[in-house]
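One structure is given below, encoded as structure tokens.
Proteins come first, then strands; the chains are lettered A, B, ... in the order of their sequence lines, and each starts at number 1.
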Amino acid sequence: YFNNHHHIQTLCNTGNVEEAAQELHSSLHASYEPSIYTCNLVLGALSKQKRYQSALSLYQAISHAGITPDHITLNTVVNCHCQMGDMSFAMKVFDEMTAHNYSPSNATFAALVKGFCRTGKLAECIEFFSKFLKENYSVDVTTYNVMMDGMCKMGNLKEAMGLFELMAKNECFADVCSYNILIRGFCKQGMLNKALQLFHELEEKGLGCDVVTYSTVMDGFVKENRPHDAVRFFYEGLHKGFRPNVVVYNVLVNGLCKIGESSQALEVLDEMYEQGCGPNVVTFNTIIDCLCKEGKMREAMDVFDKMKEVAIPSAVTYSTLMDGFCKDGNVDEAIRLFHQMPDDELVPDVVCYGIVIDGLCKQGCMNDAIHFLLLMLKRKISPDSIVYSALINGYCKQGKLQEARNLMQEMREKGLRPD
RNA sequence: CCGAUUCCUUACCGGG
């Protein structure tokens with residue numbers, strides 16, 4: 001008999017996580033049970049693929065088979081709960097960990113901090129993190145980064161900067177990632193000057209700016225309606241020996257599109273190939289959106305056809321085109337694309353439905369719009385407030401106020417608040 | 001016997 005650890009490891013490393021999980025599962029009840037290392041390996045692989053529910057089910061099976069989890073297993077479980085936003089479950093596991101003398105590590109705290117932030121629980125997050133700070137001398141740079149990123153994403157730049165100073169005081173040295181997080185935070189608040197100040201500090205420290213730094217700053221410029229500065233920043237970087245990746249190019253393309261230079265954007269496409277940095281689906285989506293917004297539906301469809309040679313269209317690709325056609329007054333074509341999505345093995349998401357519904361509403365075809373609403377409900381896709389707004393708008397324009405009111409009521413029942 | 005496995009962080013595109 002041989003240990004199947006290496007076989008399962010190979011399966012995981014080659015992306016056959018499903019198969020690995022199955023093999024582990026069947027070996028749980030074999031005469032030689034797998035080691036916790038093997039279990040952790042598969043749980044980690046599922047978690048990396050964001051298949052948190054599967055990981056948790058597998059964990060259930062593992063404990064049921066009587067295999068004792070270690071601190072890594074439990075960290076993974078905590079992380080799965082956090083990623084799914086189930087903070088009460090996550091805390092329950094955390095409490096059990098501490099009760100059984102598994103000492104939580106930076107990974108545990110980082111996962112929980114991220115979970116608290118993602119679910120908007122600012123106070124809990126700060127409280128939890130403070131507790132960690134008091135009890136632990138070695139909060140590492142990653143945990144600080146998670147915390148700073150969470151604070152930034154909740155718009156609390158002051159707290160984030162406080163942490164940045166605190167980590168220096170505690171002799172935990174900020175890395176590029178720390179800077180990138182803060183730079184993005186300031187960009188999103190429209191404080192580009194602060195962002196650029198940090199960028200220069202990063203350069204002076206010799207930590208080295210990376211592709212994330214560049215794409216972040218450039219995107220900051222684009223979002224602040226300063227696409228020219230984004231383009232300039234890009235070329236200055238090239239001059240300093242910076243080597244862009246596909247995301248940086250994507251931001252550049254987006255910037256060029258925003259200044260109405262779709263032809264230049266298409267030139268960048270060629271440059272990307274020359275640099276051995278081929279475009280991806282986002283690149284094409286960006287260009288298609290640009291063409292659509294310029295009303296060039298014909299060209300947009302050409303790009304759509306050509307992109308298929310090198311990339312797989314996504315739901316975003318379709319929604320972009322569908323919106324373009326709707327705005328162009330051609331809802332039929334949008335609906336045709338909607339029905340074409342399954343050919344690319346895509347399932348229309350809430351945005352796709354929203355676009356078609358809005359298009360139909362704007363044409364006054366309320367019955368057809370309702371048909372799509374029912375279709376999405378049948379397919380278990382929950383309409384969001386944008387879908388409802390489109391419908392309510394449509395009814396209001398027709399003077400059908402009662403129908404509009406009914407929809408508002410339906411919204412509230414679903415816990416969506418009208419804005 | 002040893003080793004083996006592991007867990008946490010940052011950037012780009014679509015709708016009212």
Side-chain angles (χ1 to χ4, degrees), chain A residues 3 5-6 8-9 12 35-45 47-48 70-80 82-83 105-114 140-150 152 175-185 187 210-220 222 245-255 257 280-290 292 314-324 326-327 349-359 361-362 384-394 419:
Chain A
N3 192 323
H5 181 89
H6 284 104
I8 289 183
Q9 184 171 33
C12 286
S35 75
I36 192 63
Y37 292 107
T38 313
C39 297
N40 290 343
L41 176 66
V42 178
L43 289 173
S47 165
K48 249 188 214 99
D70 64 6
H71 66 285
I72 304 259
T73 322
L74 295 175
N75 280 347
T76 310
V77 170
V78 168
N79 186 42
C80 288
C82 290
Q83 297 280 355
S105 64
N106 273 288
T108 328
F109 280 91
L112 283 158
V113 161
K114 191 179 178 192
D140 71 8
V141 61
T142 302
T143 308
Y144 274 109
N145 287 346
V146 174
M147 185 69 186
M148 288 195 295
D149 187 49
C152 287
D175 59 10
V176 198
C177 191
S178 320
Y179 276 91
N180 290 342
I181 286 165
L182 292 169
I183 288 172
R184 182 178 189 276
C187 285
D210 62 10
V211 284
V212 177
T213 321
Y214 272 88
S215 56
T216 304
V217 174
M218 286 167 61
D219 188 58
V222 173
N245 72 350
V246 62
V247 176
V248 178
Y249 274 114
N250 288 346
V251 180
L252 177 70
V253 166
N254 196 20
C257 286
N280 62 13
V281 61
V282 176
T283 324
F284 290 109
N285 291 346
T286 306
I287 291 174
I288 288 173
D289 187 48
C290 177
C292 286
S314 66
V316 176
T317 318
Y318 276 91
S319 60
T320 304
L321 283 164
M322 282 162 40
D323 184 58
C326 285
K327 299 275 154 64
D349 63 10
V350 60
V351 176
C352 296
Y353 282 95
I355 289 166
V356 172
I357 288 174
D358 180 57
C361 288
K362 292 239 160 69
D384 59 12
S385 60
I386 295 184
V387 170
Y388 278 109
S389 302
L391 286 161
I392 291 169
N393 226 321
D419 54 12

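- The salt bridge (charged side-chain N to carboxylate O under 4.0 Å, His left out) search around K362(A) returns D358(A), not counting sequence neighbours.
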Under 4.0 Å protein heavy-atom contacts per nucleotide of nucleotides 9-16 of chain B, with B for base, S for backbone only and - for none
BBBBBBBB
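- Considering only residues two or more places apart in sequence or on other chains, Y318(A) meets the ring-ring contact (aromatic ring centres under 6.0 Å, His included) condition with F304(A).
- In terms of the salt bridge (charged side-chain N to carboxylate O under 4.0 Å, His left out) criterion, D349(A) has no residue partners (sequence neighbours excluded).
- Under the 4.5 Å side-chain criterion, counting only non-hydrogen atoms from C-beta, V211(A) is not in contact with V247(A).
- If you measure from atom CG of N75(A) to atom P of U6(B), you get 14 Å, rounded to the nearest angstrom.
- With sequence neighbours left out, the salt bridge (charged side-chain N to carboxylate O under 4.0 Å, His left out) criterion links D323(A) to K327(A).
- L112(A) has its CG atom 13 Å from the P atom of C8(B), to the nearest Å.
- Distance Q9(A) CD to U6(B) P: 6 Å, rounded to the nearest Å.
- Residues satisfying the side chain to side chain contact (heavy atoms under 4.5 Å, CB included) test with I36(A), not counting sequence neighbours, are C39(A), N40(A), I67(A), D70(A), T73(A).
- Across the protein-nucleic acid pair, I72(A) atom CD1 and U6(B) atom C1' stand 5 Å apart, rounded to whole Å.
- Summarising the geometry, the separation between NE2 on H5(A) and P on G3(B) is reported as 14 Å, rounded to the nearest angstrom.
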